Amino acid sequence: MTTAIIDQLMGETAPIKSGERCGPLKETLCIEGGHPLHGLVRVSGAKNAGLVLMAASIMADGETILDNLPRIRDVEVMIEILNDIGVDTSWNEDDSLSICPPAGKVKNHTSYDLAKQMRASNLFLGSMLGRQGEAIVSLPGGCDIGSRPMDLHIKGVAALGTEVKIEHGYIFANTKQPSGARVYLDFPSVGATENIMMIAAKTPGTSIIENAAKEPEIVDLANFLNSMGARIRGAGTDLIKIEGVSSLKAGRYAIIPDRIEAGTYMVGAAISGGEIQVENIIPTHLHPIIAKLQETGAHIEENDRGLLVRAGNKISPVDIKTLPYPGFPTDMQSQMMALLSLAPGSSMIVENVFENRFQIVDELKRMGANIKVEGHTAVIEGVKNLYGAQVKATDLRAGAALVLAALTAEGETEIEDAIHIFRGYEDIVEKLTTLGAKVHKGYMEGEYTD
Ligand code: EPZ
């Protein structure tokens, strides 16, 4: 790798758009507790399907149109990355997004400034290799929920004939002898499964992913790639078979609804003592969340428009172990911790997917929760009520959980670094306000903390 490219990588910074706020103000969310949620909420498209489909769209010749893509901060960052590598994008009148890669190669790396804002930028490893056989992807820095390694991603693309070097915090990948291969994943990693599916879709021969991730977002990616002419079978099971094809053709595709956003609002009804109708969902994607919420005493019934969720007379303590799908989703762990903070008795949460996903505990304790953490296990002793406080969103789902806690807390809560929440929840202020919550955006002095 020539030092020129490395200098360029290290030197590049994302262009600051004129007028972009660079000042010290940062967004907060202010919530007055004591207002149960009532009414209808329509779930947006799934963030974790939309992001990978945006990355995969560069593998197709022609214009891809994505429907049901949520207008959230992570999608905006993904659009900046696509534009940065030479891909045109535009929002259409009907709220779909058009993505038009150039005729030739795209720029084979993204600026560090953009890549470090979002782990999902690592999904360009598979899609760039699938498109043009070369990719330079920033190794993601650590984040608030764990170290986020990429060893399984690298093992997968290497098995399919890609030479991989890691230098200066970047993965330099070049496909030398592309050929299908069998890859066993030591852990059913969502991102690694997605990257291997994308490169394999355009790699000559047959590839097999064993111990593949089974999340609904994996199935959505397979359906999207197959709609472009890929030949992927078995997505949603732990064995995925891919026959490589020479080219993929762009088309139009509607993204699945966001099961984690749906689950978050369902907990909102349960924790605030309310009753809401949740629309635009796929019930099977929600089974682990429905089952656990019913165990806590919430009443949930499926109807032809979605789910009717009503708070129980009391919140019962339960034990939760997070697991890869179809186990209980780690992305709902913080939200359930907020709910169980009010369940009389002892609840236990074991976090089996990420090594550091209890950052929310200290913030909930500032609101009066009684929680003890030992390694991967948190023991929650339910308290009678929570109190409003100044708290900080440390990551997307912890931020969402603080919103839920604030809905029921006595008094006002101000959530700092609310930008984390806006990364994954479309129109959250509008949706909560429509449901009767008293919530508004605020600003406070100070730099964003990563
Ligand atoms: C995806 O992250 C989601 N993000 C995460 O959602 C979600 O929590 C996670 O899957 C698990 O469901 C997107 O889809 C953009 P993993 P990903 O690879 O792909 C270890 C949210 O809040 N691992 O399945 O990064 C890793 O350290 C976000 O929406 C390796 O050891 O998750 C972790 O412990 C947060 N080596 C575990 O696997 C690897 O090469 C799960 O990670 C890759 C992963």
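Throughout, residue positions are numbered sequentially from 1 according to the sequence presented. The structure presented is a predicted model; accordingly, all values stated were derived computationally and were not measured.
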**OP:** To the nearest 0.5 Å, tell me how far R252 CZ sits from T64 OG1.
**Re:** 11.5 Å

**OP:** With rounding to the nearest 0.5 Å, note down the distance linking CZ in R310 to CD1 in I276.
**Re:** 13.0 Å

**OP:** Verify, without hydrogens or angle tests, whether N195 (side chain) and N122 (backbone) share a donor-acceptor contact under 3.5 angstrom.
**Re:** yes

Subject >> Minimum heavy-atom distance A235-A222, with the two atoms named >> reply: CB-CB, 3.4 Å

Original post:
So do I79 and L97 actually touch side chain to side chain, heavy atoms under 4.5 Å?
Top reply: yes

Original post:
Between the side chain of T193 and the main-chain N/O of A213, is any donor-acceptor distance below 3.5 Å?
Top reply: yes

**OP:** Report the distance from atom CD1 of I320 to atom CD1 of I349, rounding to the nearest 0.5 Å.
**Re:** 4.5 Å

**OP:** Go through I171 and H153 one step at a time and tell me if the side chain to side chain contact (heavy atoms under 4.5 Å, CB included) criterion holds.
**Re:** CA-CA 11 Å; I171 299 171; H153 300 241; over 6 Å; no

Original post:
Taking it one step at a time, do L248 and D61 satisfy side chain to side chain contact (heavy atoms under 4.5 Å, CB included)?
Top reply: CA-CA 6 Å; L248 295 171; D61 302 327; over 6 Å; no

Original post:
Under the salt bridge (Lys or Arg N to Asp or Glu O under 4.0 Å) criterion, do R259 and D331 qualify, and how do the steps go?
Top reply: CA-CA 10 Å; R259 60 195 168 100; D331 292 347; 5.6 Å; no

Original post:
How many angstroms lie between CZ in R131 and CZ in F124, if you round to the nearest 0.5 Å?
Top reply: 11.0 Å

Original post:
Within a strict 4.5 Å, meaning less than it, do heavy atoms of the V353 and P324 side chains meet?
Top reply: yes

**OP:** Over all heavy atoms of both residues, which pair between A393 and G399 is shortest? Give the atoms and the distance, please.
**Re:** CB-CA, 3.7 Å

Subject >> Within-4.5 Å side-chain heavy-atom neighbours: H285 and Y325 >> reply: yes

Subject >> Heavy-atom neighbours of K321 NZ exceed 12 at 6.0 Å >> reply: no

Subject >> Enclosure of Q177 CD (heavy-atom neighbours >12, cutoff 6.0 Å) >> reply: no

Subject >> Candidate list Q333, E351, R357, test side chain to side chain donor-acceptor pair (under 3.5 Å), partner T322, passing option >> reply: E351

**OP:** Just do the side chain to side chain contact (heavy atoms under 4.5 Å, CB included) check on Y265 and V309 with the steps written out, would you?
**Re:** CA-CA 9 Å; Y265 283 100; V309 183; over 6 Å; no

**OP:** Output yes when a side-chain donor or acceptor of N92 lies under 3.5 Å from a complementary backbone atom of D94, and no otherwise.
**Re:** no

**OP:** Using a 4.5 Å cut-off on heavy atoms from C-beta on, say whether the side chain of E426 contacts that of D258.
**Re:** no

Original post:
Donor-acceptor pair, T89 side chain versus S98 backbone, under 3.5 Å?
Top reply: no

Original post:
Side chain of S127, backbone of A55: donor and acceptor closer than 3.5 Å?
Top reply: yes

Subject >> Beyond-backbone contact of S121 with S138, side-chain heavy atoms, under 4.5 angstrom >> reply: no

Original post:
Would you say T162's side chain and A173's backbone share a donor-acceptor pair under 3.5 angstrom?
Top reply: no

Original post:
What distance separates L37 CG from L432 CG, expressed to the nearest 0.5 Å?
Top reply: 6.5 Å

Subject >> Side-chain donor-acceptor contact under 3.5 Å, T394 with Q359 >> reply: no

Subject >> pair V361-M337: side-chain heavy atoms closer than 4.5 Å >> reply: yes

Original post:
Sub-3.5 Å donor-acceptor pair from the side chain of K202 to the main-chain atoms of G133, do we have one?
Top reply: no

Original post:
Any sub-3.5 Å donor-acceptor pair from K176's side-chain atoms to G161's backbone N or O?
Top reply: no

Original post:
Can Y425 and R397 be counted as having a side-chain donor-acceptor contact under 3.5 angstrom?
Top reply: yes

**OP:** Might you work through the side chain to side chain contact (heavy atoms under 4.5 Å, CB included) test for L404 and T264, ending with a clear yes or no?
**Re:** CA-CA 8 Å; L404 299 176; T264 304; 4.2 Å; yes

Subject >> Full working for salt bridge (Lys or Arg N to Asp or Glu O under 4.0 Å) between R423 and D74 >> reply: CA-CA 5 Å; R423 284 185 45 206; D74 273 8; 2.8 Å; yes

**OP:** Let me see the working for E363 and K392 under salt bridge (Lys or Arg N to Asp or Glu O under 4.0 Å), right down to the final yes or no.
**Re:** CA-CA 7 Å; E363 301 305 313; K392 181 181 280 201; over 6 Å; no

Original post:
How about L51 and V75: do any of their side-chain heavy atoms sit closer than 4.5 Å?
Top reply: yes

Original post:
Can you tell me if E261 uses its side chain to pair, donor with acceptor, with the backbone of S44 under 3.5 Å?
Top reply: yes

**OP:** Taking all non-hydrogen atoms of both residues into account, name the closest pair between A405 and L364 and its distance.
**Re:** CB-CD2, 3.7 Å

**OP:** For E134 and N174, indicate whether the former's side chain and the latter's backbone hold a donor-acceptor pair under 3.5 Å.
**Re:** no

Subject >> Shortest non-hydrogen separation from Y253 to S227 and the atoms involved >> reply: CD1-OG, 4.1 Å

Subject >> Exercise: identify the closest heavy-atom pair between A400 and I421 >> reply: N-CG1, 4.1 Å

Original post:
Heavy atoms, side chains only, cut-off 4.5 Å: are I271 and Q335 in contact?
Top reply: no

Subject >> Shortest non-hydrogen contact between G50 and I255, atoms and distance >> reply: CA-CD1, 3.6 Å

**OP:** Identify which one of L307, L308, L286 satisfies the side-chain contact (heavy atoms from CB on, under 4.5 Å) criterion when paired with E302.
**Re:** L307

Original post:
Could R73 and E27 be called an ion pair, given the rule that one side-chain N must be under 4.0 Å from one carboxylate O?
Top reply: no

Original post:
Out of curiosity, L29 CG to I415 CD1, how far, rounded to the nearest 0.5 Å?
Top reply: 5.5 Å

